[in-house]
Participant: 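If you scroll down you'll find the structure; I have some questions about it.
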Amino acid sequence: MNNLFLSILHGLILGGAYGLIAVGLSVIFGVVRIINFAHGAMLMASAYAYYELFTRYDVDPFLAMIVIAPLFFVIGFLLQKVVIRPLLIRERASVLEPTSVMLFTIGLDYAIANLYLMIYTSRYKTLNTWAYSNYARLFDGKFVTQYSRIISFVLAFVVAGILWFIINRTELGKRIRAVSQNRDAAALCGVNVHTTYGIAFGLGTAALAIAGACMASFYLVSPSVGNVFGTKSFMIVVLGGLGSIPGAIIGGLIFGLIEQVGAQFITSTMASMLSFILFLIVLVIKPDGLLGKKK
Amino acid sequence: MEHVTKQFGGLTAVNDFSGEIEKNAIVGLIGPNGAGKTTLFNMIANYYHPTSGKIYFKDQDITEARTEDMARMGLARTFQVTKPFGDMTVLQNIMVGAFLHTTNARQVEQKAREVAGLVGMTCDLDMIANNTTTVDKKKLEIARALAVGPELILLDEVMAGCNPQEKLELVDTCRKVRDAGVTILIIEHDIKTIMSLCDKIYILHRGEKLVEGTPEQVANDKRAISAYLGEDFDNAEN
Amino acid sequence: MSYKGNSIFKGKFFVWLAALCFLVAPLLANTYMQSILILVCFYAFAAVAWNLICGYAGTMSLGHSVYMGIGGYISTILLETKGVSPWIGMLIGAAVAMLIGVVISYPTFRLKGPYFTLASIAICEIFGTFVLNTENLGPIPLKGGSGWSLTQTGYQAVMYEFRSKLGYYYVAFILLAIGVFVTWKMSRSKLGYYLVAIRSDDDAARSLGINVTKYKLIAMGISCFMISLAGTFYAQYFRYIGPDRIFGYDLAVQIALIALIGGQGTVMGPVIGAVVLVPLSEYLSATFAGTMSGLNLFLYGVIMMLVVYFMPHGLCEYVVKAAQWIEEKLFGAHGKRKQSKAASK
Amino acid sequence: MLKISDLRTGYNGGEIVHGISLEVPDNQIVAIVGGNGAGKSTLIKAITGLIPLTSGTAEYNGEKLNGLSPDKIMQKGVCLVPEGRQLFPNMTVEDNLDIGSCTKESRKRRKENKEEMFQIFPRLLERRRQLTGTLSGGEQQMVAMARALMSNPKLLIMDEPSWGLAPILVTEMFQTIEMIRDRGTAILIVEQNVGKTLSISDWGYVIENGTVVMQDVGKKLLQDESLKKAYLGI
Amino acid sequence: DTSDANAQDTPSTGGNVVKIGSLWPLTGGSATIGQQHADGAEAAIKEINANGGIKSMDGAQIELVVADTQTAADQASVACERLITDDDVSLIIGAYNSTCCISASEVAQKYSIPFISQGGVATDVTERGYDYVYRINNTATFDVQEMIVALDEVCKEYNLDTLTYALIYENTDWGSDNARIWKELADERGWTCVLDEPVTNGQADMTSQVLKIKESGADVCNVSFYTDDAIVFANAMYANQVDLPYGIWSVGGGWQDSAFYESVSPEVYEYTFVQEDWDMSGVQNKEWIKEVAQQCKDTYGYEMSSFFAQGWTAAYVAYYALESAGTTDAEALRDAIANLNIQNSDEERALLSGYSAIVFDEKGQNTFGGGPTGGTIVQYQNSEPVALYPAEHSSGGTAVLPIPAFSER
Ligand SMILES: Nc1ncnc2c1ncn2[C@@H]1O[C@H](COP(=O)(O)OP(=O)(O)OP(=O)(O)O)[C@@H](O)[C@H]1O
Ligand SMILES: Nc1ncnc2c1ncn2[C@@H]1O[C@H](COP(=O)(O)OP(=O)(O)OP(=O)(O)O)[C@@H](O)[C@H]1O
Ligand SMILES: [Mg+2]
Ligand SMILES: [Mg+2]
């Protein structure tokens with residue numbers, strides 16, 4: 001059992017979590033064609049929700065998820081339906097990435113991140129849950145990791161699987177796909193476009209809230225935590241192919257692997273540079289990402 | 001063109017096509033939907049490269065040339081789905097084409113107005129291109145392509161979506177363009193237009209050349225009628 | 001965002017009026033106001049440079065500050081190690097930035113829409129991480145994370161160092177004026193037309209004989225050249241340059257925001273954006289930062305959302321409308337006729 | 001069935017349709033013809049809720065359609081085959097048809113309807129698993145029509161269904177349209193193929209510059225000299 | 001005008017108000033730390049005002065004008081300019097990050113307004129020949145030196161000829177400076193470096209790095225991390241049971257932040273050595289420090305930290321300077337700062353940070369009167385910090401060395 005093998009395992013575990021965080025972003029982009037720049041801020045906001053529930057009522061995030069994820073579904077749904085909808089209607093339907101919506105989400109990111117800074121100050125908090133402070137020891141105790149990380153890894157696949165199923169195998173998914181391909185035609189077929197957008201946005205946000213539960217139980221909570229994962233999520237979804245759910249998970253795994261395995265051979269800063277360089281190379285060779293579809 | 005073939009994955013869109021377009025002629029390219037007309041077009045304009053075969057333009061091998069070089073060599077095209085530069089005015093759209101051979105904005109503008117006159121743009125030249133009517137968008141496509149000063153112009157279904165009267169107008173435009181010394185290759189579904197306009201017609205069917213000849217020859221060809229024109233072609237004629 | 005936006009201010013009155021304001025304002029202001037005016041010019045110039053490629057050709061870069069960093073670093077290193085005047089260093093830096101920009105953009109211009117945007121962020125991160133972790137690049141000292149603190153040269157103008165704010169101000173203003181002029185010239189030239197055509201539909205542009213990559217690279221080159229001049233100005237004015245800020249995503253976003261909120265793809269948009277946003281953020285942070293940390297940036301975000309919400313095409317559109325209205329009032333029908341004639345050009 | 005009175009609409013403040021009134025009775029084919037840019041598509045968009053109307057009313061079986069969103073209008077039984085087909089290119093033929101029947105009631109009859117569609121358009125049965133983006137123009141048009149029929153509309157509106165079709169297909173398509181009418185669906189059709197359209201339609205309207213300039217039984221309109229000149233190029 | 005309004009609010013004074021600029025990173029990457037500095041300064045000024053303000057100026061009250069650097073050098077420069085020209089402050093304390101200290105003091109120098117730097121460890125802060133810039137804290141050199149000197153003692157005590165060490169640090173100026181200096185000093189002593197690992201801030205997992213340390217078999221590990229990385233790192237070290245016989249030696253940073261101790265369980269930081277930039281022992285030994293600590297907890301909700309203490313000290317230094325100058329005239333104020341001589345006594349409130357003295361040299365760097373630079377090296381034993389080195393700050397405990405392996409704890 002050498003370090004290389006261990007770091008591969010750690011890379012995969014971490015990559016799963018990255019993928020989980022990115023998958024919501026991918027769903028939203030795939031349907032509404034918006035890169036949600038407030039993704040990191042919303043992740044952070046969900047983490048604080050778990051923080052409150054844990055410190056006040058001692059509810060474990062993985063349990064609280066049952067309440068918070070639906071709550072974030074509603075938040076995402078309303079955000080799309082009430083706020084982003086008028087912006088979208090105003091933009092030409094064919095625009096690949098509506099600029100005004102992008103700007104709006106950047107503004108939203110500032111606002112949320114700093115609102116939480118005002119409320120919670122910038123102090124780092126951790127949630128000492130059972131899964132945070134207990135370690136799984138596998139392979140003769142050589143492979144040690146927090147239970148929360150293992151749960152996150154598993155959840156990544158569960159959430160991605162559920163989302164994939166919803167989008168590709170259900171009636172709702174058919175509508176979502178229809179709307180993502182041709183908004184007006186879908187409306188003419190009797191699909192309520194903006195409700196469908198809202199649902200997609202809500203699903204993405206709910207997935208993000210689940211990722212938030214994972215992050216809160218293996219990392220820490222602070223108003224700036226969104227930055228740590230935000231930019232990385234953008235890279236991950238692009239690497240995997242914008243809009244592709246399996247792509248987000250694969251992209252996440254690749255990032256996790258490079259960070260952990262790369263750090264075995266070179267310094268970790270060089271490893272993180274390596275992941276960006278790899279990202280660029282993939283894009284140049286395959287401009288639509290690993291699993292992206294050509295339009 | 002010699003033995004041009006194009007495959008998309010397993011699908012052969014154009015198979016072993018050979019043909020020639022003479023200078024200063026109007027050549028028609030017809031065929032059922034999905035026959036590979038647009039694909040053939042795209043290959044001539046070097047938007048795609050053929051899987052095999054060679055294409056010559058003015059005796060030069062252009063098989064592997066780039067799209068943007070074609071315009072410089074004197075070959076311009078329009079798109080089946082019109083693609084105006086939406087944010088610009090009609091005039092500015094045409095000017096983009098005219099900038100190819102000069103950088104002088106004044107000359108360019110003059111040229112653009114000339115071309116607009118030639119194709120008979122009826123709308124206000126300062127209108128934003130996206131807001132014009134379908135016919136004007138089609139004319140704009142032609143005008144923009146003409147503005148680069150081509151010797152050969154490829155027109156892809158410029159008349160689709162126009163009523164017979166408007167088609168006549170466009171036929172007129174085409175003639176004028178030809179008279180200005182430009183060779184035309186045109187894809188069209190409207191038989192009457194094609195018959196009246198073209199000097200020579202190719203019929204494409206499932207990627208292969210079915211018939212080649214003058215309008216009269218084609219009209220009397222059994223294969224052409226069964227594959228494309230339909231049994232009641234004669235009725236339509238009347 | 002309409003292309004017609006380019007023909008604003010044809011009744012040159014307002015441009016001259018604005019230029020006059022810019023020229024005279026610092027003379028009337030106290031040093032604090034002067035420093036804000038300098039920032040306005042600096043950010044406006046950076047946004048103008050950004051707009052040249054990203055606004056006109058529609059390639060939304062959120063990593064443009066990287067070229068600013070390259071320019072700033074090169075002129076600073078030349079000054080500190082070889083004593084080369086930053087005036088010369090600035091041009092050398094700009095040339096290098098232009099070269100690097102063109103080389104990097106060649107492959108990345110193949111990417112469309114959000115892919116390009118995110119790739120630009122990655123490039124910014126790569127450069128930032130590299131400089132941050134490199135003490136020496138071969139024989140060239142980079143100083144890694146500590147950055148460069150510029151030694152004083154005794155306020156010599158030939159060394160790009162001025163005793164009074166006014167010196168810096170007029171340098172920034174001249175840069176800005178050049179930037180606006182270049183943009184204006186470009187917008188009415190072949191390059192400008194081509195870029196907007198490419199933004200609308202690059203397939204159609206290709207069919208008209210436009211070498212899309214070539215023209216985008218030309219614009220990119222000009223843009224990198226200009227923004228790297230801003231980098232030298234940054235280093236000289238703040239007298240400190242370090243990697244975390246200048247190669248950072250935050251600065252890049254800030255520059256893009258100014259151009260976008262002002263009005264992407266218009267001559268004056270970035271300037272208007274800077275005139276509004278820079279003092280706004282300064283005001284917010286002066287008023288609220290001490291009261292409650294985060295309040296200033298929170299309000300900034302909220303205001304940004306409101307602007308996007310109510311002025312989707314940027315402030316430029318409204319400024320133009322207002323200007324037209326005033327012009328009509330001032331010059332009556334004559335002004336209006338001039339305007340419409342100008343618009344038809 | 002559909003009654004439109006004094007409808008006005010346009011884009012961004014510019015009025016394109018200046019007060020059009022027309023009626024589509026049950027079980028009939030009603031045609032709208034007119035030059036390019038006359039405002040036909042704009043009128044259709046207003047009826048189906050894609051753009052708002054500035055004044056006037058569109059009534060369907062006595063119910064006002066004003067202000068309803070396209071999906072609500074569709075659920076009432078008014079279905080549009082839009083200009084340019086507007087399929088979902090990355091979905092299979094079958095999925096496209098499924099979307100056509102995603103309202104509550106039509107979903108129940110999805111299976112039967114699909115089978116019926118495959119009877120009407122046997123070509124689609126062969127290609128049920130193909131992505132519609134890769135179909136030929138004619139096949140795409142069939143999908144567009146089938147998709148609209150999947151919801152058992154009572155009124156089918158078609159905007160230039162023959163657009164880009166080879167002559168052989170155009171003939172087929174008009175036959176199909178008559179067949180659909182015979183199954184009990186009212187049809188409002190906008191077409192450039194003036195001759196063929198008017199010859200199968202029960203009533204025709206001629207629109208110019210956003211107003212109705214002529215209306216009559218389809219075949220009679222065909223005889224009109226001025227119309228012949230303007231639209232048939234004779 | 002705010003100054004008038006404030007003057008009316010506080011009728012007990014002669015009506016004068018002196019403004020001091022308080023410039024810290026309140027948003028951005030260093031916000032946690034910046035906020036604690038700002039809180040410390042605020043608490044100190046409250047106390048000073050309550051005690052009658054500046055006596056040499058008829059009991060003038062001090063108004064603290066707080067500004068935010070946003071953890072960005074250029075913003076710091078702009079904010080500093082605003083404090084000087086718009087808010088008319090007589091003196092500025094701040095800016096924590098070296099880069100911000102450098103760029104902000106640049107402005108202060110230009111306007112000839114005294115700038116008392118607190119936090120920035122880069123040598124450049126005081127090496128530019130600026131006569132209005134003073135620095136209270138020590139440079140990176142001192143922090144590391146203190147640890148190396150302590151390790152010298154350890155070596156002597158346990159008869160170690162040489163040591164192997166691993167370096168792991170965040171890769172911006174602070175961390176890499178520490179690592180560089182450590183290497184220089186360790187080279188002099190002939191110690192061997194077995195790992196040199198820079199890490200980008202914001203790692204979600206550090207297992208790989210920790211495994212490298214484990215594999216390197218180092219005797220000691222020197223760490224410079226901010227709070228977020230510190231938490232992740234410490235947890236990973238604990239999880240993977242990395243045994244370092246002579247311990248983890250942290251250059252403060254995250255290990256000085258009370259948030260760190262709230263976040264990780266006691267087993268995680270047990271036996272860790274931390275170089276605290278203040279007199280940790282004070283909290284245990286001195287009544288008044290205990291009171292201040294309690295106040296901090298009550299008002300701001302966290303355990304007093306070195307950051308709070310340093311903010312406090314900076315405010316007090318500013319106050320002493322004003323008191324001795326008796327005027328807000330910049331030149332007089334500068335001379336007053338240059339001539340400050342604050343010596344340690346049990347009651348000296350300015351020295352909450354535990355500096356032996358505050359005396360500036362001609363470059364403006366605090367010389368600490370040649371005594372200890374305030375730093376204390378503590379080891380966590382039974383989850384309590386025990387001050388060990390230097391002897392002046394020792395609370396009398398002894399180091400637990402070599403550190404018992406995880407398997408034996
Ligand atoms: N990019 C592509 N990828 C895969 N298949 C393609 C592609 N482009 C065209 N095809 C296929 O090639 C065949 C020929 O298409 P083409 O567009 O040339 O037909 P066409 O003759 O222009 O028909 P229409 O009259 O309908 O425009 C069709 O079956 C089409 O599905
Ligand atoms: N999205 C739009 N925004 C602004 N104006 C538009 C828009 N779409 C169409 N128009 C304008 O509305 C007018 C009528 O267009 P419409 O599409 O209704 O004509 P039509 O009768 O359907 O003609 P065609 O036979 O070309 O389809 C045209 O002048 C066109 O320029
Ligand atoms: Mg075609
Ligand atoms: Mg129409």
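Only a predicted model underlies this, so the values are computations on that prediction, with no experimental measurement involved. Letters A, B, ... are given to chains in the order of the sequence lines, protein chains preceding strands, and every chain is numbered from 1.
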Participant: Can you tell me which portion of E/Val232 sits under 4.5 Å from chain A's heavy atoms? Options are side chain, backbone, both or neither.
Facilitator: side chain
Participant: With A/Phe265, which residues qualify under ring-ring contact (aromatic ring centres under 6.0 Å, His included), at least two apart?
Facilitator: none
Participant: Which atoms of E/Leu211 come close to chain A, meaning under 4.5 Å heavy atom to heavy atom: side chain ones, backbone ones, both, or neither?
Facilitator: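 Contact with chain A: backbone and side chain both.
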Participant: Among all residues two or more places apart in sequence or in another chain, which pass the side-chain contact (heavy atoms from CB on, under 4.5 Å) test with A/Ile119?
Facilitator: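 With neighbours one apart ignored, the set is A/Leu115.
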Participant: For chain A and chain E, what donor-acceptor pairs lie under 3.5 Å, backbone included?
Facilitator:
residue	atom	partner	partner atom	Å
A/Asn3	ND2	E/Glu215	OE2	3.2
A/Ser122	O	E/Thr32	OG1	3.4
A/Ser122	OG	E/Ala31	O	3.3
A/Ser122	OG	E/Thr32	N	3.0
A/Arg123	NH2	E/Ser258	OG	2.8
A/Arg123	NH2	E/Glu262	OE2	3.3
A/Thr126	OG1	E/Ser263	O	2.9
A/Thr126	OG1	E/Ser263	OG	3.2
A/Tyr132	OH	E/Asn235	ND2	2.6
A/Arg137	NH1	E/Ala239	O	3.2
A/Arg149	NH1	E/Ala204	O	3.2
A/Arg149	NH2	E/Ala204	O	2.9
A/Gln260	O	E/Ser208	OG	2.6
A/Gln260	OE1	E/Ser208	N	3.1
A/Gln260	OE1	E/Ser208	OG	2.9
A/Gln260	NE2	E/Asp205	O	3.3
A/Ala263	O	E/Lys212	NZ	2.4
A/Gln264	NE2	E/Ser208	O	3.2
A/Ile266	O	E/Lys212	NZ	3.1
A/Ser268	N	E/Glu197	OE2	3.3
A/Ser268	OG	E/Pro198	O	3.2
A/Ser268	OG	E/Gln209	NE2	3.2

Participant: Can you name the residues that form a side-chain contact (heavy atoms from CB on, under 4.5 Å) with A/Leu53, not counting sequence neighbours?
Facilitator: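 Checked A/Leu53 against side-chain contact (heavy atoms from CB on, under 4.5 Å); matches are A/Tyr57, A/Val59, A/Ala64, A/Ile68.
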Participant: Against chain E, label A/Ile13 side chain, backbone, both or neither, depending on which of its atoms sit under 4.5 Å from a heavy atom there.
Facilitator: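 Looking at A/Ile13, nothing touches chain E.
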Participant: Side chain, backbone, both or neither: which part of E/Leu195 has an atom under 4.5 Å from a heavy atom of chain A?
Facilitator: neither
Participant: Among E/Gly29, E/Pro198, E/Gly28, E/Gly301, single out the residue with the greatest number of heavy-atom pairs under 4.5 Å to chain A.
Facilitator: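 Heavy-atom pairs under 4.5 Å are most numerous for E/Pro198.
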